[in-house]
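By convention in this document, chain letters (A, B, ...) are assigned in the order of the sequence lines, proteins followed by strands, and residues within each chain are numbered from 1.
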Amino acid sequence: MLDINFIRENVETVKQGMINKGEKEPELVDQVLAKDEEWRAFVHKLDTLRSENNAKAKQIGMLMGQGKKEEAQAIIKETGQFKEEVKALEEKERILSEERDSLLYKIANVPHPSVPVGHTEDDNDVFATWGTPNNEEWRKPHWEIVERYGWVDFERGVKVTGAGFPFYVGPVAQLQRALINYFINEGVAAGFTELQAPYFVNEDSARGTGQIPDKEDMMYTIPRDEFFVIPTGEVPVTNYHRDEILKESDLPINYVCHTPCWRREAGSYGKDVRGLNRLHQFDKVEIVKIVKPETSYEELESLRDHAEKLLQALELPYRTLLMCTGDMGFTQTKKYDLEVWSPGQQRWLEVSSCSNFESFQARRMQLRYRKDGKSTEMVHTLNGSALALPRIVSAILEAYQEENGKVRVPEVLKPFFGREYL
RNA sequence: GGAGAGGUGGCUGAGUGGCUGAAAGCGCUCCCCUGCUAAGGGAGUUUAUCUGGAAACAGGUAACGAGGGUUCGAAUCCCUCCCUCUCCGCCA
């Protein structure tokens, strides 16, 4: 969420940001300010009343201490009305602040000035392209390749769990494991701290990174134990420092973490979900950065750069999109998507999304740092995939296949295989 | 899962109904003293939020695991939940 004081001082910027992101109700900005005004008036009233009440209680205490019971009794009589009044105001204050917060949760993060204004994916900027897409006719989509060799077992996945939960078999299982290893190793080599995280989180964590309220339908839940199954490693890793005040010298903090990700993907269909394109469970290596505000845009570039280098090392042609205002999420200020070329399908597949959230998540999480050893300030958080798995597997299968059907092992993965072909 | 003990500030740790937002110690910051080092002296040191103020700051409110309750008044009493530790059980 945004800082209410920031909204108050930047009404038009925030509203325009909502409009540019295609949010339907920019008037929420006015509503939250009105509600905040109302809340502040109430708080003032309530605090004054409490203050008077506290003074009386103190006085009673003193009189009792001196043995002046009668005088004390007289004041106790006076306090009766206060009590009910305070209670009523407290209730009202609670409702008002809840109403204000629920409005505040609906105010979108403001896009950075460098982000192109636009409504659809056609308005995204192509920030970079790398490599030359293979377009030979003989190249097959990955689902044909894996079927031919029995490398991914969709049917048994359906039997054991359901659609979208395949088994990876033999060489492809090995390929996936090698990729995870490679990505983590590269993260560690870049100086990031490797983390292994829980796959279930509690409600506070789901709220901290913004999965609830609003996007709860994307997550699987464990109702009996009140857990949410993580849709991305971003959730546990960013929440790792929730409710903390970090030292300035701790920053920047960089984590690399592999987790499976579970997404319900309700309503998906067609070519989008064919083969490994979209699954209910997939693996991902995630980078999370916790940084000082003044460095967050440099950090975003370095995050994007890190992810791009991985694709380059795998020699997979890709393009990097700078997402326009309308095509980026509610919580981000700036976002790059990396799309790898899928020569078997003749389309781009999103394999990474690198975002700056500025203090939007930090404020929800009360994640701050102490500046100059004095005041506290919200940190900025960023995250990005480096990289998302099954689609990289697809791209490798399709790009490294040879006309005779064999699939070569990418050079950088050879240490994990010790052979030329899958 | 069962039984018991406990959760207080950056840390240790006092506090069983009233001038306690919290003793004391440690740590940390600033100042003084000091040829250097060591030692010593003084001041400061939770967070959020509201009001006033350009600001420095001043004042109020809330918070002692979380949420409810009793009371004029709760860190302190009662209830529910969470977590930690010890023992038992189970287990990779």
Partner nucleotide of A23(B) by Watson-Crick or wobble geometry (both distances under 3.5 Å): none

In whole angstrom, give the distance that lies between atom CG of Leu89(A) and atom P of U49(B). 21 Å

To the nearest angstrom, the CG-C1' distance between Asn5(A) and A48(B) comes to 13 Å

My understanding is that a pair needs two contacts under 3.5 Å, Watson-Crick or G-U wobble. By that rule, which nucleotide pairs with C87(B)? G2(B)

Assigned partner base of G73(B), Watson-Crick or wobble definition, under 3.5 Å: none

What do you reckon, are the aromatic ring centroids of Tyr297(A) and His380(A) less than 6.0 Å apart? no

Tell me: CD of Gln59(A) to C1' of G18(B), nearest whole Å? 13 Å

Pair Asp327(A) + Lys335(A), salt bridge at N-O below 4.0 Å: no

Whole angstroms only, please: what is the NZ-P distance between Lys247(A) and C28(B)? 12 Å

If you measure only the distance, is there a donor-acceptor pair under 3.5 Å linking the side chains of Thr320(A) and Glu308(A)? yes

Can you figure out which of U51(B), U49(B), U61(B) approaches the side chain of Trp39(A) most closely? U49(B)

Identified pairing partner of A48(B), criterion: Watson-Crick or G-U wobble below 3.5 Å: U61(B)

Both distances below 3.5 Å, Watson-Crick or wobble geometry, any strand: find the nucleotide opposite A38(B). none

Can you check the Leu63(A) CG to C72(B) C1' distance for me, whole Å? 12 Å

Using only side-chain N and O atoms of Thr376(A), determine if any of them is under 4.0 Å from OP1 or OP2 of A48(B). yes

Both distances below 3.5 Å, Watson-Crick or wobble geometry, any strand: find the nucleotide opposite A56(B). none

Taking atom P of U47(B) as reference, at what distance in whole Å does atom NZ of Lys371(A) sit? 16 Å

Determine, for Phe417(A) and Lys414(A), whether the Lys NZ or Arg CZ falls below 6.0 Å from the six-membered ring centre while staying within 45 degrees of the axis. no

Nearest-angstrom distance from the residue atom CG of Asn53(A) to P of A74(B): 9 Å

Side-chain contact check for Arg368(A): nearest option of C72(B), A48(B), U51(B) is A48(B)

What nucleotide, of C50(B), G60(B), G73(B), holds the atom closest to the side chain of His44(A)? C50(B)

His280(A) and Tyr220(A): side chain donor to acceptor below 3.5 Å: yes

Can you check the Arg370(A) CZ to C28(B) P distance for me, whole Å? 16 Å

Watson-Crick or G-U wobble mate for A43(B), both contacts under 3.5 Å: U29(B)

Residue closer to the 5' end of RNA chain B, Ile75(A) versus Asp36(A) (nearest nucleotide): Asp36(A)

Applying the Watson-Crick and G-U wobble criteria at under 3.5 Å, what pairs with U80(B)? Answer none if nothing qualifies. A66(B)

